[in-house]
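What follows is one structure encoded as structure tokens, with my remarks underneath.
Residue numbers start from 1 in every chain, and the chains themselves are labelled A, B, ... in the order their sequence lines are given, proteins ahead of strands.
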Number of protein chains: 2
Amino acid sequence: MKSPNVTIKDIARLLGISPSTVSRALKDHPDISQATKDQVNKLAAEMNYRPNPIALSLRNRRSNVIGVVIPEIVHFFFSSVISGINKVANEHGFSVMVSQSSEDFEKEVEVCETFRHSIIDGLLISVSKHTTEYEHLRRLDEEGIPVVFFDRMIEEFNADRVLINDYEGAFEATQYLIVEGRRRIMHFAGPQSRLIGKNRLKGYLEAHRKNGVVIDESLVINCDNFESALVQTQRIIDEGVKFDAIFTVNDFTAAGVVKTLVKNGIKVPEDVSVIGFGNDYMAEMIEPTLTTVCQPGFTMGEKAMQMLINRINSEKTLEPKTEVLPTKLIIRNTTKKR
Amino acid sequence: MKSPNVTIKDIARLLGISPSTVSRALKDHPDISQATKDQVNKLAAEMNYRPNPIALSLRNRRSNVIGVVIPEIVHFFFSSVISGINKVANEHGFSVMVSQSSEDFEKEVEVCETFRHSIIDGLLISVSKHTTEYEHLRRLDEEGIPVVFFDRMIEEFNADRVLINDYEGAFEATQYLIVEGRRRIMHFAGPQSRLIGKNRLKGYLEAHRKNGVVIDESLVINCDNFESALVQTQRIIDEGVKFDAIFTVNDFTAAGVVKTLVKNGIKVPEDVSVIGFGNDYMAEMIEPTLTTVCQPGFTMGEKAMQMLINRINSEKTLEPKTEVLPTKLIIRNTTKKR
DNA sequence: AACGAGTGTGCAAACGTTTGAAATTTAAAC
DNA sequence: GTTTAAATTTCAAACGTTTGCACACTCGTT
């Protein structure tokens, strides 16, 4: 039961003038006499008048609301991104609606459809792990709702993108391990169906090549979460796989690796170095503290939102841009100090 | 540049009938003949007609959008709550706008003001650590925008609330330690200006009394984050404080405690047991894994959203309700198995 | 032949705002 | 005391939808 707010009509009635005059007076339109303006502004202030945003949206066909689709809100990296999005959105008078796909393609399509039929002026999306089709995004595009990808994108869909330099980050991490003297570096990789997994693997491989270290393909295994890291690490230890470092596709995996290594009496970093990816807050809490590649989630959110605003405000259809953000290797105690 | 969607008017024009008839036909109004309804529904389907939510909002004075104000999005507990809110909101056709106060009172007031002048039908809020005044909430209430608190509330402001049973959770944790045989249990407490800190301390104290264990006030110190836990724990060790368990106000603090204890060669849980609060995902990653009180964040979000929906839909002003959610002690390896 | 009931449809106003065009008032010029 | 231009204000339509009411028809009754 919302009590109705004061409207332009109320002010007009009270002042015995027309709503149009009030509207123009409030906008400081040159046609209106100073006397009238003063009257209107005074009363508006007294009555604490605020323009009704819904009426404005209807008239302007513009809501200043944007939608965000994210695989998991409950995730340090993604919530950092949301934080950055929020910051820039607030600064520019935009509101943000967030929905999560829970890494489920069907759910992703569903929330996109909901957004499409709602009021949003634009969409920021990081697609689910299983998204390969993009019909749902094409439909948004068709209705003139601009789409900007962050972190995870669809290559075939031509739109603005903000990405992490996964390749460079992985390259730097791996190279650090090589320079540290490691020669049998394992990589716990993410799904190769996604660019992130692919690029991090690529960086890992390329660092070997550039530094003249031979690559043993058997050192790369598929493992990208805490639980399976516990299992896989135990397995390679039991099987007697020889390795002196592990570079993982994310920090959860690294946490599982470190835990299992330590439990088996393997010294980290003396016997085996570990580097994660993401700089989750937990990286400082585990023992030893985790060396990891920092992904600038907050900055990513800021940039993505800025790109979307530009897109929304631009009349003409600009060529889509891709922005690639640099990573930074955070050295902690799962690697030796140099 | 959003391309305009098909409207009721378009359908009316194409069919040579009036918009009102189309509107009624789409709603299956009994006044309309079956023939007309069929015509309308067919064309609407073909043209993929969707009602314009903004126009609906304007007419119904109801947006089906709710606002959420949260201290920190980047926080496992709070993002879990958002997740729960989102779930129930989606099920009931509501959209969710999220803003964070960053634990800053000024910022909280600002986002509340923004929300007040925007389109929301209701507000879910967990107030910042430093919020003591509630004028900004009263203003929302005045405009008929219902407010529901979750997790952190203002006692003086009479509104719906969903809370965690902090007292019970702390009581159970402390009692577990006592039954385990601990007698010098420290408490790293949160700020006593907030109910959460207060109630957890109360549970800690009461568990002592109920079990006939004498309370040593000097065992309670102020410490509620990871960094200061590192410092404080080191300090009590250096000062030779005698203790055999530590119960902390949250998991970050516990993580800092465990880390420092282990570093100092103190065996956990043999020499000292530790229990945290929150069941953050990092609790399973640290070594030893952390025994902690699970706060049902997701459930809290669900309940809060449900309460808000009830409030929005209710004509009459019901008496505000407070719902208290139970906690659950998750036994891991920083306490002895019983 | 007039009546009432029932059926299907359209008109117009409303939600709150903006804006082009028209109308009115004011002031200046002749 | 006109005429004319300029200054100010109002009208009306528009954004897309809903809904009370009126209207127009068609029946079957009296």
Hey, is the side chain of [X] poking within less than 4.0 Å of OP1 or OP2 on [N], counting only N and O atoms?
X	N	result
Ser23(A)	dT18(C)	yes
Ser20(A)	dA12(D)	no
Lys27(B)	dT17(D)	no
Thr36(B)	dT9(C)	yes
Ser18(B)	dG10(C)	yes
Ser33(A)	dT9(D)	yes

Spacing of [X] atom [atom1] relative to [N] atom [atom2], expressed in whole Å:
X	N	atom1	atom2	answer
Arg62(A)	dT17(C)	CZ	P	19 Å
Asn5(A)	dC15(C)	CG	C1'	13 Å
His29(B)	dT7(C)	NE2	C1'	12 Å
Leu56(B)	dC15(D)	CG	C1'	13 Å
Ile8(B)	dT19(D)	CD1	C1'	12 Å
Asn52(A)	dA14(C)	CG	P	17 Å
Ile17(B)	dG8(C)	CD1	P	14 Å
Ile11(B)	dT17(D)	CD1	C1'	12 Å

Given [options], which nucleotide is nearest the side-chain atoms of [X]?
X	options	answer
Ala55(A)	dT18(D), dT8(D), dT17(C)	dT17(C)
Lys9(B)	dC15(C), dT17(C), dT17(D)	dT17(D)
Leu58(B)	dC15(D), dT17(C), dC15(C)	dC15(C)

Take atom CD in Glu91(A); do more than 12 heavy atoms of anything else shown fall under 6.0 Å from it?
yes
Quick check on DNA chain D: between Thr21(A) and Arg59(B), whose nearest nucleotide comes earlier from the 5' end?
Thr21(A)
Do Ser83(A) side-chain atoms and Phe298(A) backbone N/O form a donor-acceptor pair below 3.5 Å?
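A pair under 3.5 Å: no.
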Counting N and O atoms only, with roles assigned by atom type, does the side chain of Asp121(A) sit under 3.5 Å from a partner on the main chain of Arg62(A), one being a donor and the other an acceptor?
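Pair absent, no side-chain N/O of Asp121(A) close to backbone of Arg62(A).
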Any side-chain heavy atom of Glu113(B) within less than 4.5 Å of one from Arg139(B)?
yes
Does any non-hydrogen side-chain atom of Asp104(B) lie less than 4.5 Å from one of Ser101(B)?
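When only atoms from C-beta onward are counted, Asp104(B) and Ser101(B) do not touch, as no gap falls below 4.5 Å.
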Select from Asn60(B) and Arg24(B) the residue whose nearest nucleotide in DNA chain C is closer to the 5' end of that strand.
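The answer here is Arg24(B).
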